[in-house]
**Student:** 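The structure's right below; bear with me while I get my questions together.
Chain identifiers are assigned alphabetically (A, B, ...) following the order of the sequence lines, protein sequences preceding nucleic acid strands; residue numbering begins at 1 within each chain.
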Protein chains: 2
Amino acid sequence: MPDDCIFCKIIAGQADADIVFRDDQITAFWDHRPAAPVHILVVPNKHIDSVNEADLQDAELLGKLILKARDLAKEQGVDERGYRLVLNVGPDGGQTVFHIHLHLIAGRRLPVFRE
Amino acid sequence: MPDDCIFCKIIAGQADADIVFRDDQITAFWDHRPAAPVHILVVPNKHIDSVNEADLQDAELLGKLILKARDLAKEQGVDERGYRLVLNVGPDGGQTVFHIHLHLIAGRRLPVFRE
């Protein structure tokens, strides 16, 4: 793990976070600056800087991030009302932590893109 | 395929779209109401209403949507500047077509969630 990766530290239990799920492949925790009533980050335990650096062999892991976010949406009781899953990549995408993380955002009606 | 699914019709060549990629698992085409200079929808050929209805056996396919969107970002020359990948689910998420589609949005600096 890179020494300066805050998400690697959270996954390793070396930095605090409000963990909601953890197994040998994925860790999920609440965003510390939530953009909505439900805002959870679903993160692969394996360090990958961004989607740009993912390999074809990571496909199943990336898909599991989506399915885990879906499961967490159900746990939070927002699956019927709906939610948004977002991966930000690079400067234009607004990526701030360079360890892949899927945002689960829910609990309010989210704006459509073109607004 | 459901009779009324516009994305199934596009995949089957029965409705028009500006296709940018097609193989036996995935079809990608330009959003007809783009929210940014690059706005491509990456769609599984298999009909799945939304992420809520995906199964664990769909994990690899879902991950391949992400990797294909990344490849298309590279083709469009926006991978370095960055991009956003979005899955909308249900009413709060702003989902309007009920066939899973991953939005690739790029070509301008995208707003952070909390703005």
**Student:** Checking heavy atoms, do the side chain of A:Ala106, its backbone, both or neither come under 4.5 Å from chain B?
**Tutor:** neither

**Student:** Just checking A:Phe29 against A:Phe7, ring centres under 6.0 Å apart?
**Tutor:** yes

**Student:** Can a donor-acceptor pair be found, under 3.5 Å and without considering hydrogens, that links the side chain of B:Gln76 to the backbone of B:Ala73?
**Tutor:** no

**Student:** Name all pairs fulfilling the salt bridge (charged side-chain N to carboxylate O under 4.0 Å, His left out) condition that reach into residues 87-104 of chain B, sequence neighbours left out, sorted by first residue then second.
**Tutor:** A:Arg81-B:Asp92

**Student:** Among B:Val43, B:Leu87, B:Leu41, whose side-chain contact (heavy atoms from CB on, under 4.5 Å) with B:Ile100 holds?
**Tutor:** B:Leu87

**Student:** Relative to each other, are the rings of B:His47 and B:His99 parallel, tilted or perpendicular (30° and 60° limits)?
**Tutor:** perpendicular

**Student:** By side-chain hydrogen bond (donor to acceptor under 3.5 Å, both in side chains), which residues pair with B:His101, not counting sequence neighbours?
**Tutor:** none

**Student:** Out of B:Gly90, B:Gly82, B:Ala69, which one racks up the most heavy-atom pairs below 4.5 Å with chain A?
**Tutor:** B:Gly82

**Student:** Where on A:Asp55 is there a heavy atom nearer than 4.5 Å to chain B: the side chain, the backbone, both, or neither?
**Tutor:** backbone

**Student:** Residues two or more places apart in sequence or in another chain: which of them pass salt bridge (Lys or Arg N to Asp or Glu O under 4.0 Å) with A:Asp18?
**Tutor:** none

**Student:** For residues 56-66 of chain B, give me every residue with a non-hydrogen atom less than 4.5 Å from any non-hydrogen atom of chain A.
**Tutor:** B:Leu56, B:Ala59, B:Glu60, B:Leu62, B:Gly63, B:Lys64, B:Ile66

**Student:** Is there a side-chain contact between B:Arg84 and A:Val86, using heavy atoms and a 4.5 Å cut-off?
**Tutor:** yes

**Student:** Please look at A:Glu80 and chain B and tell me whether the side chain, the backbone, both or neither of the residue comes under 4.5 angstrom of a heavy atom of that chain.
**Tutor:** backbone

